[in-house]
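Contents: one structure, followed by commentary.
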Amino acid sequence: MSALGASVVRLTDLDDFITPGIACIKPVESAFKPAPDESDSNKVARGTIAIEQDGRYMEVGADGSKTELPKAKITLNDCLACSGCITSAESVLVEMQTYKELEEVLAQNRQNTWPDASATTNEIPSEATTAKQRAVVVSLSPQTCAALAVKYNVTAFEAAERLCGFFKGIGVHRVYDVTLARTLSLIESRNEFFERMAKAEGGVARKSGILPMLASQCPGWVCYAEKTHGDFVLPYISTTKSPQQIMGALAKSHQIEQQYGNNTVTATNTDPVVSMDESDDVSYGNTVIPPCSTPADVYHVCVMPCYDKKLEASRDDFYSDVYKTRDVDCVITTGELSMMLDERGVDFAQLSRCPLDSPLRGAAHQGHVTHRGGGAGGYLEYLFKSYAKSRFGIDDAPIAYESRRNPDLREVKLVVDGDTKLRFAAAYGFKSIQTIMRQMKRNKCTYDYIEIMACPKGCNNGGGQLSPQQGGGAVESGHLALVEKAYVDGQIVEEDPGSNRAVTELYADWQTRAVNVKDMLHTQYHPVEKTIVPQLESW
């Protein structure tokens, strides 16, 4: 694979592969220019296209002049807009979605100055303002830290701190742990599940889009659902944003509002927009962040185990038309970060360990916190235990997975006095997903909640993770076991995300400032209509 992530679809786990269809071909739009002497009623397309020896396509005019025709480009939005292929590790050549883009932003920061001190209004960024320095923040996924921990034979916590030291050393202002955003995602998913269960118990039909509630944290699965099953399945998908996108809201919108409110701001205020605490201790690599008056002044990078996270970050739902910026500007995978380190000749063991920052003012990073349930995020276990306690008074309900014929499709039951009160499932990989879809369409799905992930074995086995050869593992199965072990070893298990003091205070702050939590932490989905006529499907 190239350093930019590969210009073709990357195929892995071929036993779990959905064959691409002709519908993934994007029609090329061209601007029609009539000849000067043509009337509106008699416009005819004219012209000749010549192919040069070097492969370029040239439009030949009537006078013999040649004009090079632009190449058709496939962007991330096109990938989300087509109705064609999806695999368990879909990757495309993506403009502005590689570590090279991060390096360019850091290089521009070194050349540019802070925003003009005379700026005193919350203006929409213009060409002039966006050319100034931007606050650069990086959010690390715990799966990435676990994979690099195996590669460099350290703990995931140490890997995170050394990565923090690396990023601070090249000009990044703040480095976050995505786990805080996952805590918010878990809480919102729990609240949404409780609401759906209450509706079902109140007589609302399950098949009306209430149950089963389907997890929404995997963009590969969501993309597949929008393209393939559309209106049928979308009402069942949880509206809670993924941790990546919640982190985007925290790193941009929330931080700006928290520092300046919604009124006039003063760009000369040098109080960091995102800070671990009120100080800037140079010995820990903390640098003063350039003043930020709008979300566009913050450049946010997420390091993720999955290429599909690039697709998610590029969704129009996560783009601000007002500020002309995305919640997440760039996503780089674990593999791309590894290449970035290798290209720079970094000796990982010699990197300074730097404590990670917290996006919440006044709250220090809590250490390497994780949640029960493994690399998929712990949604199934948290919702299961929370509902068992709230509805049936059962503390710490036992989780006993029962595997189906497919080991990536497992179910969990809560039995009270001989009656099954809850049925959850974990469905990883497209084999499992297709089984669930068939059950739902036949009205034979009796699960209340399904934790769905596109990658077999979950996010620790994501398409953007290191291969066994890259990550120091001898064989694939053994390497994954090492990553999963590193993911949980030496970490603090947050038993109840709802009891997190910093998060509780965050919700209180939002309530005080009348922040619309639904807009901040929830999203929507869109069915993708097929644009190719059915006759072409068998072409």
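The basis for the numbers below is simple: all heavy atoms, side chains too, and nothing from hydrogens, waters or symmetry mates. Along the sequence shown, the residues carry numbers beginning at 1.
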Exercise. Side-chain contact, heavy-atom cut-off 4.5 Å: Tyr236 with Leu211?
Worked result: no
For this session: Using a 4.5 Å cut-off on heavy atoms from C-beta on, say whether the side chain of Val298 contacts that of Arg134.
Result: no
Problem set entry | Ion pair Glu188/Lys518, N-O distance below 4.0 Å | no
Exercise. Does a donor on one side chain and an acceptor on the other come within less than 3.5 Å for His526 and Glu226?
Worked result: no
Exercise. Do the charged groups of Glu192 and Arg196 touch, with an N to O distance under 4.0 Å?
Worked result: yes
Exercise. Got a donor-acceptor contact below 3.5 angstrom from the Asn460 side chain to the Val483 backbone?
Worked result: no
Exercise. Is a side-chain donor or acceptor of Asp519 paired with a backbone partner of Asn516 at a separation under 3.5 angstrom?
Worked result: no
Exercise. Nearest 0.5 Å, what's the CD-SG distance between Glu104 and Cys330?
Worked result: 10.0 Å
For this session: Applying side chain to side chain contact (heavy atoms under 4.5 Å, CB included), run through Phe166 and Arg344 and close with a yes or a no.
Result: CA-CA 11 Å; Phe166 165 71; Arg344 289 171 172 262; 3.9 Å; yes
Exercise. Can any side-chain N or O of Ser432 pair as donor or acceptor with the backbone N or O of Asp408 at less than 3.5 Å?
Worked result: yes
Exercise. When you check the side-chain N and O atoms of Thr67 and Glu59, is any donor under 3.5 Å from an acceptor?
Worked result: no
For this session: Supply the atom-to-atom distance Glu336 CD to Tyr99 OH, rounded to the nearest 0.5 angstrom.
Result: 7.5 Å
For this session: With sequence neighbours excluded, tell me which residues meet ring-ring contact (aromatic ring centres under 6.0 Å, His included) with Phe193.
Result: Tyr387, Phe424
Problem set entry | Partner set under salt bridge (charged side-chain N to carboxylate O under 4.0 Å, His left out) for Asp231, not counting sequence neighbours | none
For this session: Decide yes or no on side chain to side chain contact (heavy atoms under 4.5 Å, CB included) for Met520 and Val515, but give the supporting numbers first.
Result: CA-CA 8 Å; Met520 182 75 73; Val515 173; 3.9 Å; yes
Exercise. Should Asp448 and Met197 count as side-chain neighbours, where that means a heavy-atom distance under 4.5 Å?
Worked result: yes
For this session: Using only heavy-atom distances, determine whether the side chains of Ser242 and Glu312 contain a donor-acceptor pair under 3.5 Å.
Result: yes
Problem set entry | Salt-bridge contact Lys168-Asp357 (side-chain N to carboxylate O under 4.0 Å) | yes
Exercise. Taking the side chain as C-beta and beyond, is there a heavy-atom pair between Asp342 and Met339 under 4.5 Å?
Worked result: no
Exercise. Charged N to carboxylate O under 4.0 angstrom, Asp329 versus Lys252?
Worked result: yes
Exercise. Which distance, rounded to the nearest 0.5 Å, do you find between the CG of Asn500 and the CG of Leu506?
Worked result: 9.5 Å
Exercise. Side chains of Lys310 and Thr333: closer than 4.5 Å at any heavy-atom pair?
Worked result: yes
Problem set entry | Verdict with supporting geometry, Val328 and Gln244, side chain to side chain contact (heavy atoms under 4.5 Å, CB included) | CA-CA 8 Å; Val328 178; Gln244 171 179 288; 4.0 Å; yes
Exercise. How far apart are the closest heavy atoms of Ala251 and Val137, and which atoms are they?
Worked result: CB-CG2, 4.2 Å
For this session: Look up atom SG in Cys455 and atom CD in Gln143, then write down how far apart they are to the nearest 0.5 Å.
Result: 10.5 Å
Exercise. Closest heavy-atom contact between Ala147 and Thr334?
Worked result: CB-CG2, 3.9 Å
Problem set entry | Check: His229/Lys441 side-chain N/O donor and acceptor closer than 3.5 Å | yes
Seminar exercise, completed: Shortest non-hydrogen pair, Asp177 vs Pro142, comes out as OD1-CD, 4.5 Å
For this session: Apply the test side chain to side chain contact (heavy atoms under 4.5 Å, CB included) to residues Cys302 and Lys309: give CA-CA distance (whole Å), side-chain angles for both, the deciding distance (0.1 Å), then the verdict.
Result: CA-CA 9 Å; Cys302 282; Lys309 287 293 182 181; over 6 Å; no
Seminar exercise, completed: Of all heavy-atom pairs linking Ala454 and Ile433, the shortest is CA-CD1, 4.2 Å
Exercise. Have Thr325 and Tyr299 got a donor and an acceptor in their side chains that come within less than 3.5 Å?
Worked result: no
For this session: Please step through salt bridge (charged side-chain N to carboxylate O under 4.0 Å, His left out) for the pair Arg190 and Glu195, ending with a clear verdict.
Result: CA-CA 9 Å; Arg190 177 201 64 189; Glu195 291 174 5; over 6 Å; no
Exercise. Roughly how far apart are Ser189 OG and Leu184 CG, rounded to 0.5 Å?
Worked result: 10.5 Å
For this session: Provide the closest heavy-atom pair for Leu466 versus Gly335 in the form atom of the first, atom of the second, distance.
Result: CD2-CA, 3.7 Å
Exercise. Looking at Ser185 and Tyr379, what are the two nearest heavy atoms and their distance?
Worked result: OG-OH, 2.8 Å
For this session: Side-chain contact test, heavy atoms from C-beta onward, threshold under 4.5 Å: evaluate it for Ser216 versus Tyr525 and give yes or no.
Result: yes
Problem set entry | Check: Glu451 and Tyr428 side chains under 4.5 Å, non-hydrogen atoms | yes
Exercise. Is there a donor-acceptor pair closer than 3.5 Å between any side-chain N or O of Thr183 and the backbone N or O of Thr179?
Worked result: yes
For this session: Taking the side chain as every heavy atom from C-beta outward, state whether Val138 and Tyr176 have any pair of such atoms under 4.5 Å apart.
Result: no
For this session: State the OG-CE distance between Ser141 and Met247, to the nearest 0.5 angstrom.
Result: 12.0 Å
